[in-house]
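Heavy-atom basis, side chains included; hydrogens, waters and symmetry copies ignored. Since this is a predicted model, take the numbers as computed values, not measurements. Atoms within a ligand are numbered from 1 in the order they appear, just like the ligands themselves.
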Amino acid sequence: MYSTIKEYLSTHNVQLVAVSKTRSQDQIMKLYHQGQRDFGENRVAELLEKYKALPKDIRWHMIGHLQSKKVKSIAPFIYMIHSVDSMKLMDVIEKEATKVNNFIKVLLQIKVAQEDTKYGLSEIALESILTKYQNIESNVEISGLMGMATNTMNRDQIKKEFLLIKNLFEQSKTKFEYLGQDFKELSMGMSNDYDIAVAAGTTIVRIGSLLF
Ligand SMILES: *Cc1c(COP(=O)(O)O)cnc(C)c1O
């Protein structure tokens, strides 16, 4: 399955983050030996344990809701945080990244799903962060946007939601010129909807269950 998906994604120039939450170190190493280096986790404790045990050339992606007080523990090594869903979290990441002199890539998570449980920024909250950070020389690189579609069988709705995020991405790029070339990633699509995300122009997919 891994090589089929990998091939499909590379023909579309899309990067794969293998979502390894709840998977064992052995399962992760199986993909590692097939060349996979980007892995995503959604819990800090589990991430720390795996980071310590596994090869140091793995690029770890934090994809789940992150509490501000837990940023400190992952700041020294985290490669990308997909789930920046508040100004407060952004500020803490910036502070901790500076302290340990790590450069952290972040994606701003947009709320588009029709569910109360999904975290994410409104369009207005997104603009506040982008406005504030235009004057800050910082250790965080704002690399793009992330979003999750509603958990539904309605593929038209999913498509609509991904296109909303894509639009917001283009809009932000135009309005906030300072973002420049670094602002180039869209993290959308999981096992059930990654093909829709690819069609909508995503650059990163986060796939778990299909791979393991
Ligand atoms: C679990 C998870 C995924 C992967 O989901 P699958 O359906 O297993 O592919 C992607 N993104 C986030 C934020 C997740 O929590």
Side-chain angles (χ1 to χ4, degrees), residues 1-9 12 14-28 30-32 34 36-51 58-67 70-71 74 78-86 89-90 93 104-121 126 143-155 157-159 161-162 164-166 168-169 185-212:
M1 200 60 203
Y2 175 73
S3 53
T4 314
I5 292 176
K6 188 74 192 159
E7 200 177 306
Y8 167 80
L9 293 175
H12 290 88
V14 172
Q15 195 197 338
L16 171 64
V17 171
V19 176
S20 49
K21 66 186 185 204
T22 74
R23 310 295 169 177
S24 70
Q25 295 177 11
D26 282 351
Q27 285 176 297
I28 294 174
K30 240 182 225 161
L31 288 191
Y32 180 90
Q34 294 178 72
Q36 183 66 24
R37 290 296 180 273
D38 291 271
F39 290 92
E41 292 283 334
N42 68 342
R43 302 196 113 114
V44 168
E46 190 176 340
L47 170 59
L48 287 172
E49 204 174 295
K50 287 170 174 170
Y51 165 71
I58 288 179
R59 304 198 296 192
W60 291 104
H61 297 246
M62 180 66 201
I63 61 169
H65 177 64
L66 176 60
Q67 287 176 277
K70 294 190 177 165
V71 171
I74 61 170
I78 197 75
Y79 176 70
M80 184 181 268
I81 298 174
H82 292 228
S83 43
V84 175
D85 56 9
S86 71
L89 179 60
M90 181 73 176
I93 293 170
I104 301 177
K105 294 174 189 289
V106 300
L107 303 178
L108 303 173
Q109 181 175 356
I110 307 302
K111 181 177 160 66
V112 287
Q114 302 294 312
E115 290 145 329
D116 291 341
T117 50
K118 297 248 163 84
Y119 292 99
L121 301 162
L126 168 69
S143 306
L145 303 183
M146 179 271 218
M148 288 165 86
T150 303
N151 187 8
T152 172
M153 299 292 280
N154 184 341
R155 292 173 64 86
Q157 184 181 347
I158 295 173
K159 182 177 165 191
E161 291 174 356
F162 284 157
L164 255 167
I165 299 169
K166 164 85 169 165
L168 216 45
F169 171 80
E185 309 290 2
L186 270 172
S187 170
M188 311 189 295
M190 328 199 301
S191 292
N192 288 326
D193 55 18
Y194 74 93
D195 55 322
I196 308 175
V198 169
T202 198
T203 65
I204 302 174
V205 291
R206 310 174 311 273
I207 299 181
S209 29
L210 255 189
L211 294 177
F212 289 99

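- Listed by atom number, the atoms of ligand 1 under 4.0 Å from Ile207 heavy atoms are 9 (O).
- Looking at heavy atoms from C-beta onward, Ile78 lies in side-chain contact with Leu47 at the 4.5 angstrom threshold.
- Of the protein's non-hydrogen atoms, Ser191 OG, 2.5 Å is the one closest to atom 9 (O) of ligand 1.
- Considering only heavy atoms from C-beta on, Tyr194 stays 4.5 Å or farther from Val14 through its side chain.
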| request: Apply the test side-chain contact (heavy atoms from CB on, under 4.5 Å) to residues Ile81 and Ile93: give CA-CA distance (whole Å), side-chain angles for both, the deciding distance (0.1 Å), then the verdict. | output: CA-CA 9 Å; Ile81 298 174; Ile93 293 170; 3.7 Å; yes
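- Crowding of Lys6 atom NZ: a count of heavy atoms from other residues, nucleotides or ligands under 6.0 Å exceeding 12.
- Atom 12 (C) of ligand 1 has its closest protein heavy atom at Ile63 CD1, 3.4 Å.
- Shown in contact with Ser209 at under 4.0 Å from a heavy atom are these atoms of ligand 1, numbered in order with element: 6 (P), 7 (O), 8 (O), 9 (O).
- No close placement of the Phe39 and His61 rings is indicated, their centers lying 6.0 Å or farther apart.
- Counting heavy atoms only, Lys21 comes closest to atom 14 (C) of ligand 1 of the residues Met190, Arg206, Lys21, Arg43.
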